[in-house]
Amino acid sequence: MNDGRIAVDGLVKQYGDVTAVDDLSFSVEPGRVTGFLGPNGAGKTTTLRMVLNLVTPTRGSATIGGRRYADLEEPTRVLGAVLEASAAHAGRTGRNHLRAVCIAAGFPQARADEVLELVGLTPAADRTFRGYSLGMRQRLGIATAMLGDPQVLILDEPANGLDPEGIHWMRELLQRLAAQGRTVLVSSHLLSEMQTLADDVVIVAAGRLLRQGPVEQVITDVSGQERVEALSPEPDKLADVLRRDGAAVSSSGTNALLVTGASAAAVGDAALRAGIALHGLRTQQADLEKVFLELTAGKAGIR
């Protein structure tokens, strides 16, 4: 049984004088959703294609459970992938498309109905592909990738074309698959959704690794300490109290202070002890989008 861990080790891909992927190393662990993030031209799709042996690396390696994809005995039972919206014969129904793939891959045809149910396409199973929206095509692509009940799932921009309800469905599906112990790697530009969906992130730019780790750890490492905004009719008095407690304080507007080095609860407690009125407390938390923009500023890839 393949353990499902994806290991990228020193991957390099050059196209003539252009280096699309530059000594890239990272790992993707089972039981977790990992977001693969980077600006356009960062080398994400090229990296995913090298993992799937669709592109030959100039140097380095990419393995699934210690083996190259091309060396897996039953690759479709180990890894399912969607690198673009599903393609199918325009006149073939979703169900018949999946049944044809089942025949080619040696899966029982009943599996087609199972994955249609999994992705919520059962009501549209007998509609022809030409009538599918982009979101429905994304669902059909995931259904196709899941036919072999794989341990590993790789998706490139899976939320493209999905409405808010579809994005919510996608999030729940991928988190459920990860909770079953599967390895889920998702490339996406929807940073707010990635902050909600992913357990870990791998952030790249210009083919190089910038950060890897649990989402909240990466945010904290890049943004530093959280800041608290405090509103008080006595801002100078409150600032003196907080500074004596070791916090860094600056003004952020009329009667407003920006505090670093103390939690909102600590600011409230200090004001209470000093008899200072508070009209508001708000923790300013960095988010993945801000961290991403900070990390990738000036590092645009090939466009």
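Distance CG/Leu231 to CG/Leu278: 8.5 Å, rounded to 0.5 Å. Remark: Arg59 CZ to Asp9 CG distance equals 12.0 Å, nearest 0.5 Å. Rounded to the nearest 0.5 angstrom, Leu83 CG and Leu155 CG are separated by 9.0 Å. Here the OH-CZ distance, from Tyr69 to Arg49, works out to 13.0 Å after rounding to the nearest 0.5 Å. Atom CD in Glu294 sits 13.0 Å away from atom CD in Glu289 (nearest 0.5 Å). Atom CE in Met194 sits 4.5 Å away from atom OG in Ser188 (nearest 0.5 Å).
Side-chain contact, His89 with Asn96: no donor N or O sits under 3.5 Å from an acceptor N or O. Side-chain contact check for Gln14 and Thr58: no donor-acceptor pair (N or O, by modelled atom type) lies under 3.5 Å. For the residue pair Asp126/Thr93, the side-chain donor-acceptor check at 3.5 Å is not satisfied. Inspection of the Asp156 and Thr45 side chains reveals an N or O donor paired with an N or O acceptor under 3.5 Å.
Under the 4.5 Å side-chain contact rule for hydrophobic residues, Leu242 and Leu272 do not share a cluster. Val12 is not connected to Leu209 by any chain of hydrophobic side-chain contacts under 4.5 Å among Ile, Leu, Val, Met, Phe, Trp and Tyr, and they are in different clusters. Hydrophobic clustering, with ILVMFWY side chains joined whenever heavy atoms are under 4.5 angstrom apart, groups Leu118 together with Leu153. Under the 4.5 Å side-chain contact rule for hydrophobic residues, Leu258 and Val267 do not share a cluster. Under a hydrophobic-cluster definition in which Ile, Leu, Val, Met, Phe, Trp and Tyr are linked whenever side-chain heavy atoms come within less than 4.5 Å, directly or via other members, Leu54 and Val78 are assigned to the same cluster.
The residues Lys237 and Asp240 are annotated as not salt-bridged, no charged nitrogen and carboxylate oxygen being separated by less than 4.0 angstrom. Of the charged side-chain nitrogens involved, none lies within less than 4.0 Å of a carboxylate oxygen, so that Arg211 and Asp221 do not count as a salt-bridged pair. Ion pairing between Asp3 and Arg67 fails under the 4.0 Å rule for side-chain N and carboxylate O.
Side chain of Gln212 to main chain of Ser27: a donor-acceptor pair is present (N/O by atom type, distance under 3.5 Å, no hydrogens or angles). Without hydrogens or angle criteria, Glu157 side chain to His189 main chain gives a donor-acceptor distance under 3.5 Å. Looking at Gln109, its side chain never comes within 3.5 Å of a backbone N or O of Arg99 through a donor-acceptor pair. When atom types are taken as modelled, the side chain of Ser263 and the backbone of Ala266 share a donor-acceptor pair closer than 3.5 angstrom. No side-chain donor-acceptor contact under 3.5 Å links Gln284 to the backbone of Glu229. For Asp163 (side chain) and Glu165 (main-chain N/O), a donor-acceptor pair under 3.5 Å exists by modelled atom type. When atom types are taken as modelled, the side chain of Ser232 and the backbone of Glu234 share a donor-acceptor pair closer than 3.5 angstrom.
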Where do Arg137 and Phe129 land on the side-chain contact (heavy atoms from CB on, under 4.5 Å) test, with the steps shown first?
CA-CA 8 Å; Arg137 294 183 182 199; Phe129 186 74; 3.5 Å; yes
Assess whether side-chain contact (heavy atoms from CB on, under 4.5 Å) is satisfied between His279 and Asn255, documenting all intermediate values.
CA-CA 9 Å; His279 291 174; Asn255 293 343; over 6 Å; no
Ile142 vs Leu173, side-chain contact (heavy atoms from CB on, under 4.5 Å): CA-CA, chis, key distance, verdict
CA-CA 10 Å; Ile142 294 173; Leu173 172 65; 4.1 Å; yes
Please lay out, stage by stage, how Leu37 and Val202 fare under the test side-chain contact (heavy atoms from CB on, under 4.5 Å).
CA-CA 6 Å; Leu37 312 179; Val202 174; over 6 Å; no
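Residues Glu193 and Ile167 meet the side-chain proximity criterion, which asks for heavy atoms closer than 4.5 Å. You'll find the side chain of Glu114 stays beyond 4.5 Å of the side chain of Leu147, heavy atoms only. Using a 4.5 Å heavy-atom cutoff, the side chains of Leu190 and Leu197 are not in contact. Between Thr183 and Glu29, the closest side-chain pair of non-hydrogen atoms is not below 4.5 Å. By the 4.5 Å heavy-atom criterion applied to side chains, Phe36 and Thr47 are counted as neighbours. Side-chain contact between Arg5 and Pro30 is present, with at least one heavy-atom pair separated by less than 4.5 Å. No side-chain heavy atom of Val184 sits less than 4.5 Å from a side-chain heavy atom of Gln175. Contact check for Arg32 versus Arg182: no side-chain heavy atoms found under the 4.5 Å cut-off.
Nearest heavy atoms, Leu11 versus Gly60: CD2-C, 3.8 Å. Annotation for Ala112 and Cys102: closest pair N-SG, 4.1 Å, computed over non-hydrogen atoms. Considering every non-hydrogen atom in both Thr296 and Ile203, the closest pair reads CG2-CG2, 4.4 Å. Pairing each heavy atom of Arg243 with each of Val249, the nearest pair is NH2-O, 3.0 Å. Pairing each heavy atom of Ala262 with each of Val228, the nearest pair is O-CG2, 3.4 Å. The two residues Leu24 and Val8 make their nearest non-hydrogen contact at O-CG1, 3.2 Å.
Arg127 forms no cation-pi arrangement with Tyr132, by the criterion of a distance under 6.0 Å to the ring centre and an angle within 45° of the ring axis. In this structure, Lys13 forms a cation-pi arrangement with Tyr15, its terminal cationic atom sitting closer than 6.0 Å to the ring centre and no more than 45° off the ring axis.
More than 12 non-hydrogen atoms from other residues, nucleotides or ligands lie less than 6.0 angstrom from CD of Gln180.
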